[in-house]
Chemist: 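Once you've had a glance at the structure underneath, I'll fire off some questions.
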Amino acid sequence: MKKLLGIIVLGLLWCNVVLGVPTKTYWTVSNVIEEGIFLKADEVIGKTQKFGRGNSEGFFFNCSKKQVSNYTTYTSEEFFRNKEFKIFWKHKEKLNISSNKKIYVEKLSCADNKTVLYPFIQIEGSDIAYYEFDLGIYELKN
């Protein structure tokens with residue numbers, strides 16, 4: 001009986017991890033919070049990024065197969081305290097990040113072409129995401 005209960009509990013925990021991946025949808029760049037070094041705002045706004053099951057296609061990241069992703073969940077306080085995200089702290093007032101929502105920071109890797117998309121940031125219950133690239137911050141809408 002204990003063995004069966006253990007299998008059920010572990011199964012439920014693993015299901016949560018598998019189903020919890022936040023980035024699986026279609027995004028459009030709607031705003032540039034901080035312009036990057038090489039990309040100018042008018043070159044980026046309106047561009048799209050699609051994340052699908054096992055593949056991605058878009059302006060920032062392309063992967064036709066062998067794509068993996070993982071993410072870390074933060075509170076807003078943890079996120080803004082993290083030195084890795086200091087560019088977001090600098091522009092905190094321009095971001096639509098509520099203090100009581102979870103923040104998901106995702107990293108996608110493509111074995112196919114050895115590219116990485118990181119950090120892709122989503123806020124719990126929001127249709128807005130942020131992507132830091134080229135020392136700029138790009139806002140995407142779902």
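Residues: numbered from 1 along the sequence shown.
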Chemist: Centroid-to-centroid, F60 to Y138, below 6.0 Å?
Modeler: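 Here the rings of Y138 and F60 have centres that are less than 6.0 Å from each other.
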Chemist: Going through the checks in order, is the side chain to side chain contact (heavy atoms under 4.5 Å, CB included) test met by K101 and I123?
Modeler: CA-CA 7 Å; K101 299 287 184 177; I123 295 84; 3.7 Å; yes
Chemist: Indicate yes or no: at least one non-hydrogen side-chain atom of F88 is less than 4.5 angstrom from one of V105.
Modeler: no
Chemist: Locate the shortest heavy-atom distance separating A41 from E35; write the atom from each residue and the value.
Modeler: N-OE2, 2.8 Å
Chemist: L117, L140: one ILVMFWY side-chain cluster at the under-4.5 Å cut-off?
Modeler: yes
Chemist: Considering all heavy atoms of both residues, which atom of T75 and which atom of E78 are nearest to each other, and what is their separation?
Modeler: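 In this case the closest contact between T75 and E78 is N-OE1, 2.9 Å.
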Chemist: Is a side-chain donor or acceptor of Q49 paired with a backbone partner of F61 at a separation under 3.5 angstrom?
Modeler: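 At least one qualifying donor-acceptor pair exists.
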Chemist: Is there side-chain contact between S56 and Q67, with heavy atoms separated by less than 4.5 Å?
Modeler: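 In short, these two side chains touch, coming nearer than 4.5 Å.
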Chemist: Could you tell me whether the side chains of Y118 and E84 share a donor-acceptor contact shorter than 3.5 Å?
Modeler: yes
Chemist: Do the two ring centres, one from Y74 and one from F85, sit under 6.0 Å apart?
Modeler: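 Ring centroids of Y74 and F85 are less than 6.0 Å from each other.
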Chemist: When you group the ILVMFWY residues by side-chain heavy-atom contacts below 4.5 Å and let the links chain together, are I33 and I45 in the same group?
Modeler: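 No.
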Chemist: Distance check, rounded to the nearest 0.5 Å: D134 atom CG versus I37 atom CD1?
Modeler: 5.5 Å
Chemist: For K40, look at atom NZ and say whether over 12 heavy atoms of other residues, nucleotides or ligands are found less than 6.0 Å away.
Modeler: yes
Chemist: About how many Å separate CD1 of I87 and CD of E34, when rounded to the nearest 0.5 Å?
Modeler: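 That separation rounds to 5.5 Å.
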Chemist: With side chains defined as the heavy atoms from C-beta onward, is the minimum distance between F59 and T28 less than 4.5 Å?
Modeler: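 Heavy-atom side-chain distance check fails, nothing below 4.5 Å.
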Chemist: Looking just at side-chain N and O atoms, do E77 and S99 make a donor-acceptor pair shorter than 3.5 Å?
Modeler: no
Chemist: With rounding to the nearest 0.5 Å, note down the distance linking NZ in K102 to OG1 in T73.
Modeler: 6.5 Å
Chemist: Flag yes if V29 and Y131 sit in one hydrophobic cluster, no otherwise; membership is Ile, Leu, Val, Met, Phe, Trp, Tyr, and two members link when side-chain heavy atoms are under 4.5 Å apart.
Modeler: yes
Chemist: Quick check on ring pair (Phe, Tyr, Trp, His ring centres under 6.0 Å): which of F51, Y104, F133, Y130 does F120 satisfy it with?
Modeler: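 The option that passes is F51.
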Chemist: Would one find more than 12 heavy atoms of other residues, nucleotides or ligands at under 6.0 Å from atom CD of E124?
Modeler: yes
Chemist: Is there a side-chain hydrogen bond (donor to acceptor under 3.5 Å, both in side chains) between S64 and N55 once you walk through the steps?
Modeler: CA-CA 5 Å; S64 60; N55 66 351; over 6 Å; no
Chemist: So do the side chains of K92 and F80 get within less than 4.5 Å of each other, counting heavy atoms only?
Modeler: yes
Chemist: Quick one: does E139's side chain get under 4.5 Å of V32's, heavy atoms only?
Modeler: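 Sidechains of V32 and E139: no contact.
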Chemist: Out of curiosity, I137 CD1 to K90 NZ, how far, rounded to the nearest 0.5 Å?
Modeler: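 So the gap between those two atoms works out to 8.5 Å.
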Chemist: Just verifying a value: how many Å separate I97 CD1 and Q122 CD, rounded to the nearest 0.5 Å?
Modeler: 11.5 Å
Chemist: Hey, is the main chain of G58 close enough, under 3.5 Å, to the side chain of N62 for a donor-acceptor pair?
Modeler: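 Side chain of N62 to backbone of G58: a pair is present.
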Chemist: Is V68 linked to Y71 within one hydrophobic cluster, defined over Ile, Leu, Val, Met, Phe, Trp and Tyr using a side-chain heavy-atom separation of less than 4.5 Å?
Modeler: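 V68 and Y71: separate clusters.
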Chemist: Within a strict 4.5 Å, meaning less than it, do heavy atoms of the V116 and L108 side chains meet?
Modeler: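 No, every pair of side-chain atoms sits at 4.5 Å or beyond.
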Chemist: What is the distance from atom CG of N142 to atom OG of S126, rounded to the nearest 0.5 Å?
Modeler: 9.0 Å
